[in-house]
Amino acid sequence: MSGAGGNMLIKGGMIVDGTGSAPYAADLRISGGRIVEIGADLSADGVEVHDAAGCYVTPGFIDSHTHYDGSLYWDPACDPILQHGVTTVLIGNCSLGLAPVRKESIGDLATLFSYIEDLPRDTFENEIPWKWETFGEYADDMRSRQFGVNVVALVSHSLLRGYELGKAAWSRASTGDEVERIAANYDAALAAGAYGISSSRFDRSPSGDLVPSFYADATELDRIFAVTAKHKGIFQIIPDMGSLDQQEKDLREYCGYSVRNARVPVISNGIYQRPDDPDYHPRLLQMAKEERAKGADFRFLASPRSIELLVSFHQAMVFIYVPSWNAVVQPGVDMEEKRRRLADPAWREQARADWDAVKEGFPSGGMIRGFRIVKAGKPENERYVGKTFDVVLDERGGHPSDVLADWVLDNDFEPEFVFPFTNTDDRIVGQLLAAEESIISASDAGAHIGMFDGAGDTTLVLTRHVRDSADMTLETAVKRMTLEQAELLGLKDRGVIRQGAIADIAVFDLAELHWDVEQKVFDVPGGKPRFRRPVGGMRYTFVNGVLAQKDGELTGQLAARFLDSRDREAA
């Protein structure tokens, strides 16, 4: 199936077709949601004409790492990702998803998803209809809906384990019979529309428990990979990132499963330039080269953005490795309890010990010194806004955990920081985006909406790394964000401009594109806030042959849909 687009002509542009070939001048004729003719000076024949003069015409971009699972139900257009030329998104990443789930576990799932991805829990639980238990029932509900962007889904390894093992999934490996039930449930999910599976050895619950997929042993993983190979799916993993040694060990293990199971594609979150560890990305790239040489189909997700997290003291995952602090910043802790803990000498002693025990990740290496203060609290402290926290540390002296606790108490828990964790060197970021061991798709759009908006990575690649720095050619960047990912996911007739292909199209003047800092808006149900990336200067975005946005304004047309395995076979 291809969508229900009308008849139209995109006229006067330069085609960048997604294959890596050089741009060429041509018009595109679209009918019934597909490209039916490509040529010079095509006649309008009375159909709607869209002017692409001065613009490049490319396939719609594919974002293979988003968390729009919940927000598709309250914002089916996924604003503003369409305005950045994206026409297809992958959800169900990071061993998180909406199915399978037993009715009695919905509250627990809402808590887990909202905690890990920093989403308002009541919105997540109340705005999703929860009409399903199995993935097939969830897929049926998704197929009944229309969206702004096409949706591809992975099934959650943690949810599969929880569905079959219940609470035991959080503490142990599965037994022989349980392994077979997990595998059968997964097989049914793939047959019902899932494009693969996502797993995690990193994420934790609000109480600090590792997610169920962490406990999958070799027997279970062998079966998971065998089922994935049967359906030509993909395997997405977050390795244990507690140390670089452990991360590399995990990834080599998963590469081994790929080699033994028909080269199942393994996609890892993610590869970044880390200012605290110059050896981090070179070592991971070398590991990937070695494993790919052995036959593993392995790639890292790569993002152009400097990963900057908003740190508040009411909800923040940045303290995940510092248990004492992590317990304080959870949304369910009332203010009096927060104040009591931070003033308690016993808590302070434990917090210093937890802080000093972290050898990699925050707060190792004095990372807190680079926290940029974006909100203070008391009027007399507003002079610090825009400065980094090293100014406060140097003025006050003492252990960083104590200084931070005093600062938070002095300002009544109002301080907010931006924490630049990775990708601070644009030159190295450009190298990672261009590496054959990576795919450009790590936006995290839809998650962490109180910290940042991941939408717009496509525009940042085109501006910073194509137009301004020439880290890669336009045709290479387009291929990496379109056909390369369509082939990875198995999306036939998408990610390319050719006769007969589905008309997912982005049209833009490269000189007019711009990537801007997020702004806080209050349009989540109930008037809750989120950060929103401003639109990026795209002239048009077409989805399934329908004009979805023009000059940054959504048209209100929801022509996209849930893509499942039947689409892959029949497209």
Side-chain angles (χ1 to χ4, degrees), residues 2-3 5-45 47-62 84-88 433-434 436 439-440 458-488 491-513 536-551 571:
S2 61
N7 299 325
M8 64 186 68
L9 194 67
I10 301 175
K11 195 167 184 62
M14 293 289 292
I15 307 295
V16 184
D17 65 9
T19 68
S21 300
Y24 62 93
D27 303 335
L28 292 185
R29 190 182 305 281
I30 296 170
S31 181
R34 291 186 181 261
I35 298 167
V36 297
E37 188 177 8
I38 304 173
D41 299 320
L42 297 181
S43 60
D45 293 334
V47 303
E48 184 178 356
V49 176
H50 299 282
D51 180 17
C55 291
Y56 292 104
V57 180
T58 77
F61 302 120
I62 298 171
H84 290 274
V86 174
T87 56
T88 301
L433 296 174
E436 65 178 16
I439 59 172
I440 303 174
T458 47
T459 302
L460 183 56
V461 169
L462 293 172
T463 53
R464 179 194 291 165
H465 297 286
V466 172
R467 183 187 67 199
D468 301 337
S469 300
D471 291 323
M472 64 186 82
T473 64
L474 176 62
E475 50 266 37
T476 296
V478 169
K479 179 181 180 181
R480 304 218 71 198
M481 296 189 291
T482 58
L483 184 59
E484 185 175 303
Q485 295 187 50
E487 290 178 339
L488 173 69
L491 302 178
K492 185 179 178 183
D493 289 341
R494 296 185 191 269
V496 66
I497 291 179
R498 63 172 175 238
Q499 190 167 331
I502 295 169
D504 290 343
I505 305 291
V507 179
F508 56 89
D509 181 337
L510 189 60
E512 293 179 355
L513 294 183
M538 290 273 167
R539 186 173 296 185
Y540 307 116
T541 306
F542 299 87
V543 180
N544 295 328
V546 174
L547 181 62
Q549 78 87 24
K550 177 181 179 182
D551 295 328

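No hydrogens, no waters, no symmetry mates; every other heavy atom, side chains included, goes into these values.
Note that the CD1 atom of I505 and the CD1 atom of I15 stand 7.5 Å from one another [nearest 0.5 Å]. The NZ atom of K479 lies 7.0 Å from the OG1 atom of T19; values are rounded to the nearest 0.5 Å. To the nearest 0.5 angstrom, R480 atom CZ is 11.0 Å from T473 atom OG1. Note: M14 CE to L474 CG = 10.0 Å, rounded to the nearest 0.5 Å. I35 CD1 to I10 CD1: the interatomic distance, rounded to the nearest 0.5 Å, is 7.5 Å. In this structure, OG1 in T87 is found 6.5 Å from CD1 in I62, a value given to the nearest 0.5 Å.
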| Can you list the steps and then say if F508 with T58 is a side chain to side chain contact (heavy atoms under 4.5 Å, CB included)? | CA-CA 9 Å; F508 56 89; T58 77; 3.6 Å; yes

| query | T482 and V496: side chain to side chain contact (heavy atoms under 4.5 Å, CB included), yes or no, with the steps? | reply | CA-CA 7 Å; T482 58; V496 66; over 6 Å; no

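Between the side chain of Y540 and the backbone N or O of V57 there is no donor-acceptor pair closer than 3.5 Å. A donor-acceptor pair under 3.5 Å is absent between the side-chain atoms of R498 and the main chain of I38, judged by distance alone. Within the 3.5 Å criterion, the main-chain N or O of S43 finds a donor-acceptor partner in the side chain of R29. Although no hydrogens or angles enter the test, the distance criterion places no donor-acceptor pair under 3.5 Å between the side chain of R494 and the main chain of D504. Checked by atom type and distance alone, the side chain of R467 never pairs as donor or acceptor with a backbone atom of L462 at under 3.5 Å.
Pairing each heavy atom of S31 with each of N7, the nearest pair is OG-OD1, 2.5 Å. When every heavy atom of C55 is checked against every heavy atom of R539, the shortest pair comes out as SG-CZ, 3.2 Å. Taking both residues in full, the closest heavy atoms of I497 and P59 are given as CD1-N, 3.7 Å, listed atom of the first, atom of the second, then distance. Residues L483 and G18 share a closest heavy-atom pair of CB-O, 3.3 Å. Nearest heavy-atom pair, A434 versus D471, reported as atom, atom and distance to 0.1 Å: CB-O, 4.4 Å. Summarising the geometry of L433 relative to H465, their closest heavy-atom pair is CD1-CD2, 3.5 Å, with the distance given to 0.1 Å.
The one candidate from D45, D51, D27 that meets the salt bridge (Lys or Arg N to Asp or Glu O under 4.0 Å) condition with K11 is D27.
Side-chain atoms of H84 and T458 form no donor-acceptor pair, as typed in the model, at a separation below 3.5 Å.
In the displayed structure, D41 atom CG is contacted under 6.0 Å by at most 12 heavy atoms of other residues, nucleotides or ligands.
Using the six-membered ring where Trp is involved, F542 and H50 have ring planes that are perpendicular, over 60° apart on the 30 and 60° scheme.
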